[in-house]
Amino acid sequence: MRVLVTTSPWPTHYFVVQPLAAAFRAAGHEVLVAAQPSMADLVTRSGLPMAAVGSDIDMVDIRRKTLSQELDARQKPGEPARADDGGQVFDTWQQATLANLDPVMDLARTWKPDLVLADTMCPPGLVAAQELGVPGIRHLWGWDFYGSAGSEQILAELPGFYDVYRAHGLDVQGDPARRTVDPCPPSLQPPASPARLQVQYVPYNGAGRAPGPELRRTDKSRPRVCLTWGRSITRIMGERAFLLPRVVQALDGLDIEIVVAADAATHAKLGELPDNVRVLDSPPLHLLLDDCDAIVHQGGSGTVLNAIRVGLGQLAISHMADQDNISAALAGSGAGIHLRGEQAAEEAIRAAVIRLLEDPDIRMSADRLRAEMLSQPTPAQVAAGLDELATAHAHH
């Protein structure tokens, strides 16, 4: 079988899709990843062949353009973001994510896949699958309504959602994806439709080396807390969203060991650090978390899923709607604490981390969520099921 994987230019989205793409390859299928040129190094280092399509689109720049509308749509804590801006935010994203549609379609027509696996933010893959008449599979990277019981209704109400299909002479009803693959534990998501396939989240965070013995924890009596902060949020919102120095300050004086996973530029912005803080230069996150007791982060889906996998209590400090959604779901499960950026004063951060380390209910909930994640089908099992779907489809 030939599997075409289409991915958006967010590296962290590709990281979530990579284990399933690799599972297809391990099962003997031919896999090709289609992505914009800037993703070439990232994809090829993950061990998969890549076709560069179209030109580079800066998704951070697009997000800056929709930022004020997105922030206006943020509701009170615990409520999902409103979508009543007349579809403007969706329209901007639709244009951006479809910008490389023609080269993706050309590649699909030439390469002739039997199945297309598309990251949520890469709709050209689903358009190509519809045109070729092969199953199009959407892959989520975090909390989302796709593949939920109400998703077809939501799609039908999105202004212009089907325009791109009609422009290609395709009459699409309902969801253009045949299945939606979801790496989130089901208890964090809206109720599923029959089209949703759960997959066990398997961490992949880029190529990298495991921290050496000198960075392993020696003093087991002191809790170890990991701090990490995604770069995108600061690039989108500016320094007001860069709360890492505040988190370090808030935890100063606690009898804990702190490891900060950050790149050199972030490290430079942290200034002088207390003796109990160590900074590691961008280690693949999953190689670090086994040795930690809790984590503080900015509510990015990949970070949340990595931490669930090892059963950590989490403090998520969110600034935007997609972070709000998964962070609120995490807090609702009992396995973490959610503060919105505007609530995250030093005292609140300090109190939250102390609670993560001392509250047995959080530890129990984190264990339960981890067990739920590990009970889902593996990428190898999901790949086998999708192979059967494509085979049955081909015989029709």
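Predicted model only: the values in this text are computed from it and were never measured.
- The two atoms that bring Pro113 and Ala108 nearest to each other are CD-O, 3.4 Å, heavy atoms only.
- Relative orientation of the Tyr14 and Tyr204 rings is perpendicular, given thresholds of 30° and 60° on the angle between their planes.
- Contact annotation: the side chain of Leu115 never approaches that of Val134 to less than 4.5 Å [non-hydrogen atoms, C-beta and beyond].
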Would Trp141 and Leu305 satisfy side-chain contact (heavy atoms from CB on, under 4.5 Å), going step by step from the backbone distance to the final call?
-> CA-CA 9 Å; Trp141 38 269; Leu305 294 173; over 6 Å; no

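- Between the side chains of Asn325 and Gln323, no donor-acceptor pair of N or O atoms lies under 3.5 Å.
- For the pair Lys112 and Leu132, the minimum side-chain heavy-atom distance is 4.5 Å or more.
- Separating the SG atom in Cys122 from the CG atom in Asn100 is a distance of 8.0 Å, to the nearest 0.5 Å.
- Scanning for salt bridge (charged side-chain N to carboxylate O under 4.0 Å, His left out) contacts around Glu30 gives Arg2, with sequence neighbours left out.
- In terms of hydrophobic clustering, with Ile, Leu, Val, Met, Phe, Trp and Tyr side chains grouped at heavy-atom distances under 4.5 Å, Leu374 and Leu330 are assigned to different clusters.
- For Glu131 (side chain) and Leu170 (main-chain N/O), no donor-acceptor pair under 3.5 Å exists by modelled atom type.
- Val104 and Val31 fall into different hydrophobic clusters, where Ile, Leu, Val, Met, Phe, Trp and Tyr residues are linked whenever their side-chain heavy atoms come under 4.5 Å apart, directly or through other members.
- Summarising the geometry, atom CD1 belonging to Ile258 is positioned 11.0 Å from atom SG belonging to Cys292; distances are rounded to the nearest 0.5 Å.
- Atoms OG1 and CG, from Thr303 and Leu289 in turn, are 8.5 Å apart once rounded to the nearest 0.5 Å.
- Within the 4.5 Å cutoff, side-chain heavy atoms of His139 are placed close to those of Leu20.
- Atom-to-atom distance recorded for Cys226:SG and Leu280:CG is 8.0 Å, nearest 0.5 angstrom.
- Under the 3.5 Å distance criterion, with hydrogens and angles disregarded, a donor-acceptor pair is assigned to the side chains of Thr391 and Asp387.
- Judged purely by atom type and a 3.5 angstrom limit, His393 uses its side chain to pair as donor or acceptor with the backbone of Gly133.
- Using a cut-off of 4.0 Å between Lys/Arg side-chain N and Asp/Glu carboxylate O, Arg138 and Asp175 are scored as salt-bridged.
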Going by atom type alone, with no hydrogens or angles, which donor-acceptor pairs under 3.5 Å involve a side-chain atom of residues 345-356 and a protein atom two or more places apart or on another chain?
from, atom 1, to, atom 2, distance (Å)
Arg350, NH1, Ala250, O, 3.0
Arg350, NH1, Asp252, O, 2.9
Arg355, NE, Asp359, OD2, 3.3

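- When every heavy atom of Ala261 is checked against every heavy atom of Pro283, the shortest pair comes out as CB-CD, 4.0 Å.
- For the salt bridge (charged side-chain N to carboxylate O under 4.0 Å, His left out) test, no residue two or more places apart in sequence or in another chain qualifies with Asp281.
- Put simply, CG on Leu117 and CD1 on Ile137 are 7.5 Å apart, with the number rounded to the nearest 0.5 Å.
- Taking 4.5 Å as the limit, some side-chain heavy atom of Pro176 sits within range of a side-chain heavy atom of Tyr165.
- Heavy-atom minimum distance, Gly208 versus Leu287: O-CD1, 4.2 Å.
- Screening residues 293-311 for salt bridge (Lys or Arg N to Asp or Glu O under 4.0 Å) gives Arg217-Asp293 as the qualifying pairs, with residues at least two apart or on separate chains.
- The two atoms that bring Trp10 and Met39 nearest to each other are O-CE, 4.4 Å, heavy atoms only.
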Anything under 3.5 Å between a donor and an acceptor, one on a side chain of residues 189-199, the other on a protein residue two or more places apart or in another chain? List them.
from, atom 1, to, atom 2, distance (Å)
Gln189, OE1, Asp144, N, 3.2
Gln189, NE2, Gly142, O, 3.3
Gln189, NE2, Asp182, OD1, 3.1
Gln189, NE2, Asp182, OD2, 3.0
Ser193, OG, Gly147, O, 3.2
Ser193, OG, Ala195, N, 3.2
Arg196, NE, Gly147, O, 3.3
Arg196, NH1, Pro190, O, 3.3
Arg196, NH2, Pro190, O, 2.9
Gln198, NE2, Asp182, O, 3.2
Gln198, NE2, Cys184, O, 2.9

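- Counting heavy atoms from C-beta on, the side chains of Leu107 and Leu32 come closer than 4.5 Å.
- Evaluated for a side chain to side chain donor-acceptor pair (under 3.5 Å) with Ser318, the options His338, Gln343, Gln298, Arg340 yield exactly one hit, His338.
- A donor-acceptor pair under 3.5 Å links the side-chain atoms of His168 to the main chain of Val164, judged by distance alone.
- Between Arg370 and Asp367, none of the side-chain N atoms (NZ, or NE/NH1/NH2) sits under 4.0 Å from a carboxylate O, so this pair counts as no salt bridge.
- When all heavy atoms of Leu48 and Ala21 are compared, the closest pair comes out as CD1-CB, 3.6 Å.
- Cluster membership check: Met373 does not share its hydrophobic cluster with Val382, using side-chain heavy-atom separations under 4.5 Å among Ile, Leu, Val, Met, Phe, Trp and Tyr.
- Under a 3.5 Å cut-off, the side chain of Arg25 and the backbone N or O of Gly47 do form a donor-acceptor pair.
- Side chain to side chain, Gln314 and His297 meet the donor-acceptor criterion of an N or O pair below 3.5 Å.
- A single hydrophobic cluster is seen to contain both Val277 and Phe242, as judged by linkage of ILVMFWY side chains at heavy-atom distances under 4.5 Å, directly or through other members.
- The main-chain N or O of Ser38 is found under 3.5 Å from a side-chain atom of Asp56 such that the two form a donor-acceptor pair.
- Clustering ILVMFWY residues whenever any of their side-chain heavy atoms sit less than 4.5 angstrom apart, transitively, puts Val43 in a cluster other than the one holding Ile57.
- Under 3.5 Å, the side chains of Thr266 and Asp263 contain a donor-acceptor pair of N or O atoms.
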Exercise. Go through Asp291 and Lys220 one step at a time and tell me if the side-chain contact (heavy atoms from CB on, under 4.5 Å) criterion holds.
Key: CA-CA 10 Å; Asp291 223 7; Lys220 296 284 184 187; 3.6 Å; yes

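- Atom CD of Glu388 has 12 or fewer heavy atoms from other residues, nucleotides or ligands within 6.0 Å.
- Remark: Arg166 pairs with Asp163 by the salt bridge (charged side-chain N to carboxylate O under 4.0 Å, His left out) rule, at least two apart or across chains.
- Within the 4.5 Å cutoff, no side-chain heavy atoms of Asp119 are placed close to those of Thr6.
- Counting heavy atoms from C-beta on, the side chains of Val33 and Pro49 never come closer than 4.5 Å.
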Discussion item. With side-chain contact (heavy atoms from CB on, under 4.5 Å) as the criterion, how do Asp171 and Gln173 come out once you've worked through the C-alpha distance, each side chain's angles and the decisive distance to 0.1 Å?
Written reply: CA-CA 7 Å; Asp171 178 26; Gln173 311 288 328; 2.8 Å; yes

Discussion item. Salt bridge (charged side-chain N to carboxylate O under 4.0 Å, His left out), that's the test. Do Glu257 and Arg224 meet it? Break it down for me.
Written reply: CA-CA 5 Å; Glu257 186 188 347; Arg224 182 185 255 201; 2.9 Å; yes

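- What you find for Pro203 and His286 is that their closest heavy atoms are CB-CB, 3.4 Å.
- Judged purely by atom type and a 3.5 angstrom limit, Asn276 uses its side chain to pair as donor or acceptor with the backbone of Ile256.
- Remark: Leu270 CG to Gln249 CD distance equals 11.5 Å, nearest 0.5 Å.
- In this structure the side chain of Gln376 never reaches within 4.5 angstrom of the side chain of Tyr201, judged on heavy atoms.
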